[in-house]
Amino acid sequence: MKKHILFLLSLPFLAFVFACSSTSGSNFKQLAAEGSLAPSKEFAIAPAPSSLQDVGRSMKTAGYWVAKLTDPDKVMLTNKEINAINAKTVGASIYINNVQYFPTVYVRKNAETLHKKMVNIFSKYYDGFSKDPVGSAYFDNMEKNVNYTLFNTTASVRFAMTVKYAELRALPTREPLFSSLDTLDLDRVQVTQLDLASPLAVLYETKDKQWFYVASEIAEGWIEQDSIAFCPQNTIRDYKRWDKFAVTISPRNDIYMNKELTDFFDYVNMGTYLPVANVYEDILEVRIPISKANQALGFQKAYIKKSDASLGLMKYTQRNVLTQAFKHLNSPYGWGGMNGEQDCSSFLKQVFACFGIILPRNSTGQIQTGIFAGSFDAADPEQLRAQKIIKNGVPGMTLIYFPGHIMLYIGSEGGKPYIIHSIWGYGEDTEDLATTFLINRVAVTTMDVGASSKKGSLLKRTTLMKIIK
């Protein structure tokens with residue numbers, strides 16, 4: 001069997017961990033100390049206005065933007081075309097793991113070096129209780145729990161599925177760490193969330209067997225032992241190929257253990273795929289994974305509301321994409337999916353999953369998908385940028401990007417492009433005061449947001465846009 005050389009805690013993974021998903025969140029005091037800002041300037045954090053500039057009441061619904069379209073119900077891609085796009089994305093992206101066909105044998109390379117580099121970065125972060133960084137001693141016990149002697153040996157991959165909501169962590173710990181004292185709601189150890197029934201390639205475990213290092217379909221990281229159950233790789237393939245399936249289409253989709261929908265189990269996010277065993281008038285009977293004796297995987301009947309799901313994929317139309325995106329309007333922002341919420345990239349991943357379109361987990365990977373629609377030079381004036389977006393963008397299907405943030409173009413009004421995105425906050429600067437305004441939710445905005453900040457508006461910072469078709 002061909003051996004797979006896996007770079008555990010690989011550089012793409014490190015880039016994923018440290019890429020910023022928000023439009024703000026830098027350590028202002030550190031910037032001032034480094035001379036990026038005037039030392040005399042004061043800093044503040046404040047809630048953003050509930051009604052953002054140039055966003056009228058009627059703009060906060062999908063219908064407003066659908067009404068501007070020539071043919072909102074035209075199917076933009078067939079299922080066959082979507083499958084072709086997905087094959088290209090999965091084959092080309094370093095950010096996606098095909099767990100169904102993940103190699104069963106691998107050799108660890110450079111894992112200890114990369115892991116220690118990451119610990120070195122995290123040692124400069126804060127635990128939220130002290131004004132000083134945690135330092136390297138913070139990781140002593142954690143380091144002792146990692147068995148480096150196995151890193152350069154050939155090993156067999158085990159396979160598993162999540163049996164409940166779970167979180168991938170950059171380190172085998174639940175303890176949060178923050179890159180600055182200004183961003184204590186952004187836990188940098190958080191990699192991503194995983195919904196129920198996420199397939200995993202299990203690569204490594206801590207000495208106490210409480211944490212496993214895994215490759216999921218969307219990211220790599222550490223997961224807690226009680227979140228998974230083990231199975232043969234073929235079981236994952238069979239689950240994925242169930243004859244009839246549903247995709248969840250609400251932001252929160254309740255799962256019950258009885259047909260009366262009174263025995264609550266948990267909820268899953270938008271875009272989760274569940275095999276369907278029976279269809280009733282108002283409910284769907286599905287199969288969900290459970291952990292049996294010795295942490296072996298089993299399956300159990302469960303029930304969801306038919307109104308929370310689409311039997312098969314939704315049709316890929318502009319109306320449907322906008323409708324799904326606006327279902328998340330005002331959903332709280334969550335760095336790396338913290339507390340079951342969504343950041344900019346997980347928001348878009350959930351929306352496009354309803355149509356069977358696979359997007360990588362982070363913004364850097366997502367903007368590598370789709371058809372090129374335009375790039376922007378630093379010297380481009382904002383009026384030219386706006387014109388290019390409006391001319392080339394397809395509302396509901398165009399991703400707009402700058403390093404660290406990704407947005408969905410929804411249309412234009414008065415010569416301004418509008419977007420819907422999950423955004424942490426934006427900056428505004430005066431001569432004496434630099435303020436970060438926290439939006440902390442999925443919002444409709446213009447691209448003028450942050451225009452008075454040192455970094456400039458979203459429009460000024462935009463570098464690339466792609467159309468998912």
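The figures that follow rest on heavy atoms only: side chains count, while hydrogens, waters and symmetry mates do not. Just so it is clear, the model here is predicted, and its values are computed rather than measured.
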For residues [X] and [Y], establish whether the separation of their ring centroids is below 6.0 Å.
{"X": "Trp242", "Y": "Tyr273", "answer": "no"}
{"X": "Tyr418", "Y": "Trp65", "answer": "yes"}
{"X": "His421", "Y": "Phe347", "answer": "no"}

Give a yes or no on whether a salt bridge exists between [X] and [Y], defined as a side-chain N under 4.0 angstrom from a carboxylate O.
{"X": "Lys349", "Y": "Asp343", "result": "no"}
{"X": "Lys416", "Y": "Asp448", "result": "yes"}
{"X": "Arg174", "Y": "Glu167", "result": "yes"}

- Message: So, applying ring pair (Phe, Tyr, Trp, His ring centres under 6.0 Å) with Tyr204, which one of Phe212, Tyr213, Trp222 is it?
- Response: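 That would be Trp222; it is the only one of Phe212, Tyr213, Trp222 passing the ring pair (Phe, Tyr, Trp, His ring centres under 6.0 Å) with Tyr204.
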- Message: For Gln368 and Ser93, which I'm curious about, is there any donor-acceptor pair between the side chains at under 3.5 Å?
- Response: no
- Item | Donor-acceptor under 3.5 Å (Gln233 side chain, Val99 main chain) | yes
- Message: Test salt bridge (charged side-chain N to carboxylate O under 4.0 Å, His left out) on Glu341 and Arg252; report intermediate values, then the result.
- Response: CA-CA 10 Å; Glu341 305 302 346; Arg252 302 286 183 268; 2.6 Å; yes
- Task: Give the ring-plane orientation class for Tyr316 versus Phe352, where under 30° counts as parallel, over 60° as perpendicular and anything between as tilted.
- Result: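 Ring orientation of Tyr316 relative to Phe352: tilted.
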- Item | Within 6.0 angstrom of Lys466 NZ, more than 12 heavy atoms from elsewhere | yes
- Could you give the distance from OG1 (Thr462) to CD1 (Ile389), rounded to the nearest 0.5 Å? 5.5 Å
- Note on the structure: In short, salt bridge (charged side-chain N to carboxylate O under 4.0 Å, His left out) pairs touching residues 68-93 with sequence neighbours left out are Lys68-Glu413, Asp73-Arg319
